[in-house]
There are 2 protein chains.
Amino acid sequence: MLTKKTKYGLKAMAYLAGIEPGQTALVADIAAVNQIPKKFLDAILSELRNAGFVYSKKGKGGGYMLARGAGEITVGDLVRTLDGPLAPIQCASKRLYRKCDDCDEARCTVRLVMLKARDAIADVLDNTTLEQMRGLGQIPIDAVSESAGAAMDMARG
Amino acid sequence: MLTKKTKYGLKAMAYLAGIEPGQTALVADIAAVNQIPKKFLDAILSELRNAGFVYSKKGKGGGYMLARGAGEITVGDLVRTLDGPLAPIQCASKRLYRKCDDCDEARCTVRLVMLKARDAIADVLDNTTLEQMRGLGQIPIDAVSESAGAAMDMARG
DNA sequence: CGAGTTGTCTAGAGATTTTGTAGAATGAGT
DNA sequence: ACTCATTCTACAAAATCTCTAGACAACTCG
């Protein structure tokens with residue numbers, strides 16, 4: 001399960017993807033609209049800024065904006081930044097791999113299953129950009145929940 | 001990320017799936033072979049027992065065995081029992097759904113993405129049985145007799 | 001029956017992570 | 001100067017995770 005921090009971060013990024021390009025949004029506004037504690041969101045956006053996803057400007061007329069186009073930021077990368085590896089267990093992670101100390105890796109069947117789970121998760125999250133995520137809000141719900149594959153194709157298209 | 005508890009539980013179940021049908025395994029042996037703290041494993045197996053996945057017998061000659069065939073127990077159900085929902089966020093869960101309080105569900109794009117992630121995860125874990133998981137670990141025989149074989153022999157006493 | 005074996009249950013300790021808050025500092029604009 | 005808004009450091013309550021202790025209950029064997 002993702003932490004609230006990650007969920008808040010994704011919602012904030014979706015918000016930023018929705019404002020006019022070149023405009024900035026205030027933390028206070030993002031927090032109010034999405035029901036996120038303001039100070040907590042401060043820290044989250046700060047982290048996203050250090051990771052290069054958003055650009056910030058202080059003072060009057062300041063605020064946050066995306067550092068790149070919404071079509072060039074994937075949900076997968078945001079989740080990795082805020083929540084850590086996509087894989088269910090770290091020894092099954094590809095980008096944030098770390099050896100686990102309680103089993104022999106080559107023969108650990110749990111790891112082999114989780115490797116497949118990781119690929120399935122990454123296939124969804126790494127192929128969904130902020131722009132596509134926003135687009136999901138305009139699709140009738142039953143079309144999304146009905147078939148993951150069909151929805152994916154739509155999102156990719 | 002899954003907790004260690006879940007990982008331990010899966011490893012223990014894989015172990016039980018590997019012994020002769022009708023035989024029991026001691027907690028102490030499962031713990032030793034898989035490097036799991038014995039008392040912790042006690043609690044985990046107890047939970048799996050309450051959930052109906054394993055059968056236990058007290059006293060001399062006792063121990064644990066699978067309550068059903070290894071082909072009838074899915075990794076997904078084990079993970080749900082030990083770790084909770086498969087979905088990255090609970091409002092995107094199907095079997096363990098719970099409303100989230102910080103957003104309007106129908107329009108929450110984060111939820112819609114995580115619904116697809118959930119489907120992808122469930123597609124892997126619900127379609128992988130303990131038997132299939134064990135199959136993933138099939139390796140050359142000479143490699144087995146080395147350390148795993150010795151450990152197994154030790155475990156069977 | 002009695003002794004040894006093995007799982008069961010309750011309780012909780014210790015560590016870590018999560019979810020925030022407070023308040024001063026920094027930089028930008030007017 | 002003054003205000004606005006992000007940034008930084010520090011902290012703390014709450015929840016969760018990981019693991020242990022110890023008494024207890026059920027079982028087998030002789």
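Numbers restart at 1 for each chain; the letters A, B, ... are given by sequence-line order, proteins then strands.
Atom CD in B/Q35 sits about 16 Å away from atom C1' in D/dT18, given to the nearest Å. In this structure, A/F40 places its CZ atom 15 Å from P of C/dT17, rounding to the nearest Å. The NZ atom of A/K7 sits 12 Å away from the P atom of C/dG20 (whole-angstrom rounding). One can place NZ of A/K4 at 15 Å from P of D/dA14, the figure rounded to the nearest angstrom. Atom CG of A/D101 is separated from atom P of D/dT18 by 12 Å (rounded to the nearest Å). Distance, A/K38 NZ to C/dG23 P: 14 Å, rounded to whole Å. Separating the OH atom of A/Y64 from the P atom of D/dA5 is a distance of 13 Å, rounded to the nearest angstrom. Note: CD1 (A/I36) to C1' (C/dT21) measures 16 Å, nearest angstrom.
For B/R49 and C/dT8, the shortest distance from a side-chain N or O to OP1 or OP2 is below 4.0 Å. Taking 4.0 angstrom as the limit, A/S46 places a side-chain polar atom (N or O) nearer than this to OP1 or OP2 of D/dC8. Of the side-chain N and O atoms in B/S56, none sit less than 4.0 angstrom from OP1 or OP2 of C/dT6.
Defining each end axis of the helix from C/dC1-D/dG30 to C/dT30-D/dA1 as the rotation carrying four pairs' C1' atoms onto the next four, with five pairs an end, the two axes are found to diverge by 20° to 10 degrees.
Donor-acceptor pairing under 3.5 Å is lacking for the side chains of B/R134 and A/T109.
Using a 4.0 Å heavy-atom cutoff across all strands shown, B/Y8 reaches sugar-phosphate atoms only and no base atom.
Inter-residue side-chain proximity for B/D83 and B/K5 is flagged as unmet; no heavy-atom pair is nearer than 4.5 Å.
To the nearest 0.5 angstrom, B/R111 atom CZ is 15.0 Å from A/L10 atom CG. Rounding to the nearest 0.5 Å places OG1 of A/T24 at 9.5 Å from CG of A/L16. The NZ atom of A/K116 lies 4.5 Å from the OG1 atom of B/T128; values are rounded to the nearest 0.5 Å. Atom CD1 in A/I44 sits 8.0 Å away from atom OG1 in A/T6 (nearest 0.5 Å).
Of the candidates B/L26, B/D29, B/V27, B/V27 is the only one forming a side chain to side chain contact (heavy atoms under 4.5 Å, CB included) with B/Y64.
Enclosure of atom NZ in B/K38 by more than 12 non-hydrogen atoms of other residues, nucleotides or ligands within 6.0 angstrom is indicated.
A salt bridge between A/D123 and A/R118 is absent, with no side-chain N of the basic residue lying under 4.0 Å from a carboxylate O of the acidic one. In summary, A/K7 and B/D102 engage in a salt bridge, as defined by a charged side-chain N under 4.0 Å from a carboxylate O.
Toward the 5′ end of DNA chain D lies the nearest nucleotide of B/D83, the other residue of the pair B/D83 and B/P37 mapping further downstream. Sequence order on DNA chain C of the closest nucleotides to A/D42 and A/K5 puts A/K5 first from the 5' end.
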Pairs: protein N or O with nucleotides 23-30 of chain D N or O, under 3.5 Å:
{"residue": "D/dA26", "atom": "O4'", "partner": "B/K58", "partner atom": "NZ", "Å": "3.3"}

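In the set C/dG7, D/dT6, D/dT7, D/dT6 carries the atom at the smallest distance from any side-chain atom of A/L26.
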